[in-house]
Amino acid sequence: LTPSGGIREAGSLRPQAYAISAGYGTKLRAVWSAAAAAKAVSQALDGSQASMGFGGDLGLAWNSGSLGAAASVRNLGVLDGSSLPMTAGAGLRWTLKNSESLAFDSLFDVSLPMADAAAMSLKFGLDASIAQAYGLRAGYALSGNGGLGGLALGAGVQVSRFTVDFGMSQAGSLGWQQLLSLSASF
């Protein structure tokens, strides 16, 4: 702030973050599945020195027809010698309509950062799958402790074993964040 109470510009930030991950999931029993993923991450807040790290995620899911539930632990690992921000999560899915050409799922998710329980987030949304190849998503996040929450929108397309997803979500005073995901299943 200036002496007269005005705002003085101190510069600008150009934050960037990248992650590359590989995972494997398998069915354990008729209704149970487990998954694990390893990842390399890089982030830079001011466009200069990037921080590098490695980590992993673990998950367990139960799926019984129109109902599903899952639990996960994300970000087990380190970034420049410090722990990644480990998070525990759980989610529920309820399929509202399912046919070969159209499916609607309602989703609910809770995320609890281990370092700051007051930053817990609750997310809910609707996912529409069209002809098992196209997806449209909309949701809303409520985040505690001044966290970034708000509206989220996304779309995706699957061709053979390849998937491309694009999503946008509100990030508080930072505006909208965008995420592009390219996946291949084997």
Side-chain angles (χ1 to χ4, degrees), residues 19-39 55-76 84-114 116-145 147-171 176-186:
I20 297 173
S21 67
Y24 178 76
T26 187
K27 190 172 258 194
L28 300 174
R29 300 200 188 271
V31 295
W32 290 96
S33 300
K39 57 187 164 186
D57 304 331
L58 300 172
L60 184 65
W62 171 82
N63 186 15
S64 180
S66 64
L67 296 175
S72 66
V73 178
R74 297 181 297 271
N75 292 329
L76 298 161
L84 286 172
M86 189 168 63
T87 303
L92 299 172
R93 176 198 48 82
W94 177 37
T95 299
L96 304 170
K97 177 180 173 31
N98 191 6
S99 69
E100 286 193 29
S101 60
L102 186 63
F104 286 103
D105 289 325
S106 62
L107 310 162
F108 174 78
D109 178 87
V110 61
S111 234
L112 180 64
M114 295 291 124
D116 185 4
M120 179 175 74
S121 69
L122 301 173
K123 301 173 185 172
F124 52 92
L126 186 65
D127 181 281
S129 176
I130 304 159
Q132 297 179 344
Y134 306 99
L136 296 173
R137 292 171 290 285
Y140 197 84
L142 301 169
S143 297
N145 203 19
L148 305 177
L151 183 66
L153 302 168
V157 63
Q158 181 175 353
V159 177
S160 183
R161 59 182 211 184
F162 300 98
T163 305
V164 177
D165 279 303
F166 176 76
M168 294 177 56
S169 61
Q170 289 179 322
W176 287 83
Q177 63 182 353
Q178 301 174 31
L179 177 67
L180 179 64
S181 170
L182 307 171
S183 306
S185 59
F186 300 97

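Throughout, numbering of the chain's residues begins at 1 and tracks the sequence.
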query = What's the spacing between Ser185 OG and Phe162 CZ if we round to 0.5 Å?
reply = 8.0 Å

key: From CG (Leu153) to OH (Tyr140), nearest 0.5 Å   = 12.0 Å

key: Asp127: salt bridge (charged side-chain N to carboxylate O under 4.0 Å, His left out) partners, not counting sequence neighbours   = Arg137

ask   = Taking atom CH2 of Trp94 as the centre, does the number of heavy atoms from other residues, nucleotides or ligands within less than 6.0 Å exceed 12?
value = no

Pairwise side-chain contact, Lys123 with Phe108, heavy-atom cut-off 4.5 Å (strictly under) = no

ask   = Just wondering, are more than 12 heavy atoms of other shown residues or ligands nearer than 6.0 Å to CD1 in Ile20?
value = no

query = Any side-chain heavy atom of Leu126 sitting closer than 4.5 Å to one from Leu96?
reply = yes

task = Can you see which heavy atom on Phe124 is nearest to which on Leu142, and at what distance?
result = CE2-CD1, 4.4 Å

message = Does either side chain, that of Thr95 or that of Asp105, offer a donor lying less than 3.5 Å from an acceptor on the other one?
response = yes

inquiry  = So, applying side chain to side chain contact (heavy atoms under 4.5 Å, CB included) with Arg93, which one of Leu67, Asp109, Asn63 is it?
reply    = Asn63

ask   = Of all heavy-atom pairs between Gln132 and Gln158, which one has the smallest distance, and what is that distance?
value = O-OE1, 4.2 Å

query = Is atom CZ of Phe166 surrounded by more than 12 heavy atoms (other residues, nucleotides or ligands) closer than 6.0 Å?
reply = yes

request  = Please lay out, stage by stage, how Leu102 and Ile130 fare under the test side-chain contact (heavy atoms from CB on, under 4.5 Å).
outcome  = CA-CA 5 Å; Leu102 186 63; Ile130 304 159; 4.0 Å; yes

key: Minimum heavy-atom distance between Leu84 and Gly55, given as atom pair plus value   = CD1-CA, 3.9 Å

ask   = Does anything in residues 26-39 pair up under salt bridge (charged side-chain N to carboxylate O under 4.0 Å, His left out), and if so which pairs, sequence neighbours excluded?
value = Lys39-Asp57

ask   = Minimum heavy-atom separation for Ala152 to Ser169, with atom names?
value = CB-CB, 3.8 Å

query = To the nearest 0.5 Å, how far apart are CG in Leu60 and CG in Leu28?
reply = 7.0 Å

key: Test item: side-chain donor near acceptor, Arg74 and Ser111, under 3.5 Å   = yes

query = CG/Leu76 to CG/Leu58 distance, rounded to the nearest 0.5 angstrom?
reply = 5.5 Å

inquiry  = So does Pro85 get a backbone contact from the side chain of Thr87, meaning a donor-acceptor N/O pair under 3.5 Å?
reply    = yes

message = Checking the side chain of Gln170 only, and the main-chain atoms of Leu151 only, is there a donor and an acceptor separated by less than 3.5 Å?
response = yes

ask   = Looking at residues at least two apart in the chain, or sitting in another chain, which of them share a side-chain contact (heavy atoms from CB on, under 4.5 Å) with Ser160?
value = none

